[in-house]
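First comes the structure, then the notes that go with it.
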Amino acid sequence: MGYQRSVSADSHELSPETVWHIDMPEIRFGRDATDELAFQLRDLGVEGAARGLVITDEGIADAGHADRVVAHLEDAGLDVDLYADSEREPSIGAIEDCLAFVRDNTDDGYDFYVGLGGGSCMDTAKATRAIVANGGSPLDYIAEPTGDGQRLTESGPPLVLLPTTAGTGAEISPVAILSVPEKEIKEAISSNHVRADAAVLDPTLTTTLPPELTARTAMDALGHAIEGYTTHEHDSLLRAEDPAKRPVYAGRTPLTEMFSEKAIRLLSGSVRTAVHNGDDLDAREDMLLGALFGAISGLTAGASLCHAMAYPVGNKYHTYHGETIAVLTPASTIDYNAASDPGRFAEVAEIFGVDTAGMTDRAAADALKREYIQLQRDLNVLPSGLNELAGITEDEVDWLAQQTVDTQERLLRCNPRPVTKEDVADVFRDALHNWEE
Ligand SMILES: [Fe+2]
């Protein structure tokens, strides 16, 4: 085995990684866990009549979730402002708007922050809290050359996140993803100081999610789980010369594998019910738990080729992340990567519920691809491929492949199977049509 895929060490230190670690927010999970939000904040040191900000968006406010959270916090003696102007896939300007709100309404920021909503609301809350605490503007903390690449040194006052979708994993991840509209790219503020202090996951907040959004976010979650299960092993990288420089995507470990396995079972087992009968709280609970477990695996072990390919598509065509992941997964995560370790993909097939008796490993991986596509068809709300997703044709494949190779090296270096630009183009081509419409 070679260690050439290192993302962490200088070339003179050629020893394999031997250590892994995991950082997590406090996690509170279950029906009506929202009613324990004030307790959670107190537990994090929020005292007396402290003043906090709930960051959400219009849709969540319209669904009544923001009122529920604000009333609960006020009943607990806390003083709460509401910011309901988060935007989808927040731009740098959107974060600046939220920062301006905080700076206009406080002397030096709130005593606590609550992010309520999907990944976009949660990322807005994460970025806002971090920048208020560290000063300056979003660009100061985005990597060069887009930003200044300064390091965050402060976490700021407590931040608790309440997801209303089951998918992104933003409630546990150490990144806030921001779009830079003039460059048509997404950038991240990435630091342990961005991570929330606690996540409160309440399936009753997810029943209002419409079928399309339920399906998209589920496919993102399933992507995290499968990519996490099939990415490189943590000890196939070089050892970090400084533990602080261990890469964010550090490879799969026994812990992440366990979470992936459970996530794949929960998500594949309940997604049909959650999409077709949104009020089914058992299914919603499975989805929220599956998405959390998928994130614990995928967002620490590491996303791979599929996520790398999804970013150029999303930037260029403004597609939804989860939908993009859905159309790319069969060709990338499953078909292309299966060759890296067919036995492992045969295991995924089994976990996914495929009857693999008597099959070779490669045949089981192929059966997984078919089952995965069948699942998407059954949901009835997902596009059949990149073509239906955004009108992408053969003509765009080469450009997309070039973009992927040029801008996604961080993810590609961790892919379990090496990739060339030609490979990526082939995978894009394969993903144009997953089924005949
Ligand atoms: Fe994702």
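Start at 1 with the first residue, then count along the sequence. Whatever order the structure lists ligands and atoms in, that order sets their numbers, starting from 1. Being a predicted model, the structure only gives us computed values, none of them experimental.
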message: Just to be sure I understand the site: which N, O or S atoms from the protein are less than 2.8 Å away from the Fe ion (ligand 1)?
response: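 N, O, S partners closer than 2.8 Å: Asp220 OD1, His224 NE2, His307 NE2, His321 NE2.
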message: Could you check whether atom NZ of Lys369 has more than 12 heavy atoms from other residues, nucleotides or ligands sitting under 6.0 Å from it?
response: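 Enclosed.
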field: Identified side-chain contact (heavy atoms from CB on, under 4.5 Å) counterpart of Val348 within the set Ile264, Val354, Ile334, Thr333
entry: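 With Val348 as partner, Ile264, Val354, Ile334, Thr333 yield a single side-chain contact (heavy atoms from CB on, under 4.5 Å), made by Ile264.
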Listing, residues 339-346 side-chain donor-acceptor contacts under 3.5 Å, not counting sequence neighbours, or none:
unit_1: Ser340; atom_1: OG; unit_2: Asn337; atom_2: O; d: 2.7
unit_1: Asp341; atom_1: OD1; unit_2: Arg344; atom_2: N; d: 3.4
unit_1: Arg344; atom_1: NE; unit_2: Tyr229; atom_2: O; d: 2.6
unit_1: Arg344; atom_1: NH2; unit_2: Tyr229; atom_2: O; d: 3.1
unit_1: Arg344; atom_1: NH2; unit_2: Glu257; atom_2: OE2; d: 3.4

task: Calculate, to the nearest 0.5 Å, the distance between atoms OG and CZ belonging to Ser191 and Arg151 respectively.
output: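 It comes to 7.5 Å.
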With Asp85 via salt bridge (charged side-chain N to carboxylate O under 4.0 Å, His left out) - residues at least two apart: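 Per chain and number, Asp85 pairs via salt bridge (charged side-chain N to carboxylate O under 4.0 Å, His left out) with no residue.
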Taking distance alone, no hydrogens or angles, what donor-acceptor pairs closer than 3.5 Å link side-chain atoms of residues 24-36 to residues at least two apart or in another chain?
unit_1: Glu26; atom_1: OE1; unit_2: Gln40; atom_2: NE2; d: 3.2
unit_1: Arg28; atom_1: NE; unit_2: Gln40; atom_2: OE1; d: 2.8
unit_1: Arg28; atom_1: NH1; unit_2: Glu36; atom_2: OE1; d: 2.8
unit_1: Arg28; atom_1: NH2; unit_2: Gln40; atom_2: OE1; d: 3.1
unit_1: Arg31; atom_1: NE; unit_2: Glu285; atom_2: OE1; d: 2.7
unit_1: Arg31; atom_1: NH2; unit_2: Asp282; atom_2: OD1; d: 2.6
unit_1: Arg31; atom_1: NH2; unit_2: Glu285; atom_2: OE1; d: 3.1
unit_1: Asp32; atom_1: OD1; unit_2: Arg68; atom_2: NH2; d: 3.0
unit_1: Thr34; atom_1: OG1; unit_2: Asp202; atom_2: OD2; d: 2.5

